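The analysis underlying the following values was restricted to heavy atoms, covering all of them including side chains, and did not include hydrogens, waters or symmetry mates. What you see is a predicted model, and the numbers here were worked out from it, not measured in a lab.
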Amino acid sequence: MFLVALMGCFESTNEKIDLRFDMARKTGSFDAVYTDVSFQLSDEERAALTAETAVAKLVEERQEALEKLAGAVVSSARYALHDGALDLVLHAEAPLSWFVGDHGEAVRLGARLSLAEHAKGRAGRPAIVVWAQASPTQGLVMSGKGPWNVLRVANPESSETIEAWTLERGRGELHLHTFDLKDGQPVQAVPWVASVPGLAEAIETAGLLK
């Protein structure tokens with residue numbers, strides 16, 4: 001899952017990622033929205049959660065995400081509050097070389113090689129590869145613009161499908177949407193902010209929505 005390692009102690013039922021790459025300029029950018037984020041807490045911990053401790057956790061989680069995005073230029077790292085649910089919204093830009101490292105994302109800069117090139121030991125052409133997986137518990141929608149090469153591999157025994165999108169020239173845009181499934185249906189957001197007295201106001205006062 002894209003940037004899943006950035007989420008720390010968060011859970012998210014829905015992730016939407018918009019990626020843009022310019023292979024000639026060797027740059028990339030992304031907008032990421034993690035919908036319906038909530039803390040991984042026991043029932044006792046959740047019952048004891050206060051507005052003050054929740055805001056402290058939100059600040060900590062955002063800071064942890066920023067640290068894992070080190071090397072990219074992050075222009076937005078904020079929360080969005082709607083209907084009692086909370087989203088984490090990120091926007092960042094980075095050189096293609098940034099995607100070589102492991103930032104928890106399903107995006108990598110590598111090299112595209114034919115069998116002949118591999119046999120001759122050639123370096124190959126730099127290429128961005130984006131992959132994601134669908135299964136009975138995870139839905140997947142991917143769509144793109146530009147000269148992407150798309151590979152889909154289905155496993156009929158496990159009902160899992162992997163999509164790998166590769167871009168080696170020009171400009172490309174890619175929309176990646178993953179979401180939790182239960183009994184074949186998308187899991188709906190569970191409003192939880194209102195269950196903590198004063199939390200919505202505390203989030204805004206702390207400047208976490210900007």
Using the side-chain contact (heavy atoms from CB on, under 4.5 Å) criterion, which residues pair with [X]? Sequence neighbours excluded.
| X | value |
| --- | --- |
| Pro191 | none |
| Lys57 | Phe39, Leu41, Leu49 |
| Ala200 | Leu81, Val193 |
| Ile162 | Gln133 |

Original post:
Does Val89 sit in a hydrophobic cluster with other residues, and if so which ones, taking ILVMFWY side chains as linked at heavy-atom separations under 4.5 Å, directly or through other members?
Top reply: Val33

Would you mind reporting whether [Y] and [X] have side-chain heavy atoms less than 4.5 Å apart?
| X | Y | answer |
| --- | --- | --- |
| Leu140 | Thr161 | no |
| Met142 | Val150 | no |
| Val141 | Phe179 | yes |
| Glu93 | Thr27 | no |
| Ser38 | Leu86 | no |
| Thr137 | Asp180 | no |

Hey, could you give me the [atom1]/[atom2] distance between [X] and [Y], rounded to the nearest 0.5 Å?
| X | Y | atom1 | atom2 | value |
| --- | --- | --- | --- | --- |
| Lys16 | Leu176 | NZ | CG | 12.0 Å |
| Leu199 | Thr50 | CG | OG1 | 9.0 Å |
| Leu90 | Tyr34 | CG | OH | 6.5 Å |

Original post:
Do the rings of Trp98 and Phe30 sit parallel, tilted or perpendicular, given the 30° and 60° boundaries?
Top reply: parallel

Kindly give the heavy-atom pair with the smallest separation between [X] and [Y], and that separation in Å.
| X | Y | result |
| --- | --- | --- |
| Ser143 | Leu174 | O-CD1, 3.2 Å |
| Ser159 | Pro136 | O-CD, 3.8 Å |
| Ala127 | Met23 | CA-CE, 4.1 Å |

Original post:
Restricting to pairs with a member in residues 41-68, which pass ring pair (Phe, Tyr, Trp, His ring centres under 6.0 Å), not counting sequence neighbours?
Top reply: none

Original post:
Under the 3.5 angstrom rule, does the side chain of Trp192 hit a backbone N or O of Val37 as a donor-acceptor pair?
Top reply: yes

Original post:
Within the distance-only criterion (no hydrogens, no angle test), does the side chain of Gln188 pair as donor or acceptor with the backbone N or O of Pro186 below 3.5 angstrom?
Top reply: yes

Where at least one partner belongs to [range], residue pairs that pass salt bridge (charged side-chain N to carboxylate O under 4.0 Å, His left out), sequence neighbours excluded:
| range | value |
| --- | --- |
| residues 183-195 | none |
| residues 29-39 | Arg20-Asp31 |
| residues 133-160 | Arg152-Glu163 |
| residues 167-178 | Asp22-Arg171, Arg112-Glu168, Arg125-Glu168 |

**OP:** Only pairs at least two apart or in different chains count here, so list each side-chain hydrogen bond (donor to acceptor under 3.5 Å, both in side chains) that has a residue in residues 69-82.
**Re:** His82-Asp87

hydrophobic_cluster_shared for [Y] and [X], side chain cutoff 4.5 Å:
| X | Y | answer |
| --- | --- | --- |
| Leu69 | Leu96 | yes |
| Leu167 | Val107 | yes |
| Val129 | Trp165 | no |
| Leu109 | Val73 | no |
| Val190 | Leu58 | no |

Can you list, pair by pair, the side-chain donor-acceptor contacts under 3.5 Å of residues 202-210, counting residues two or more places apart and other chains?
| from | atom 1 | to | atom 2 | distance (Å) |
| --- | --- | --- | --- | --- |
| Thr205 | OG1 | Glu201 | O | 2.9 |

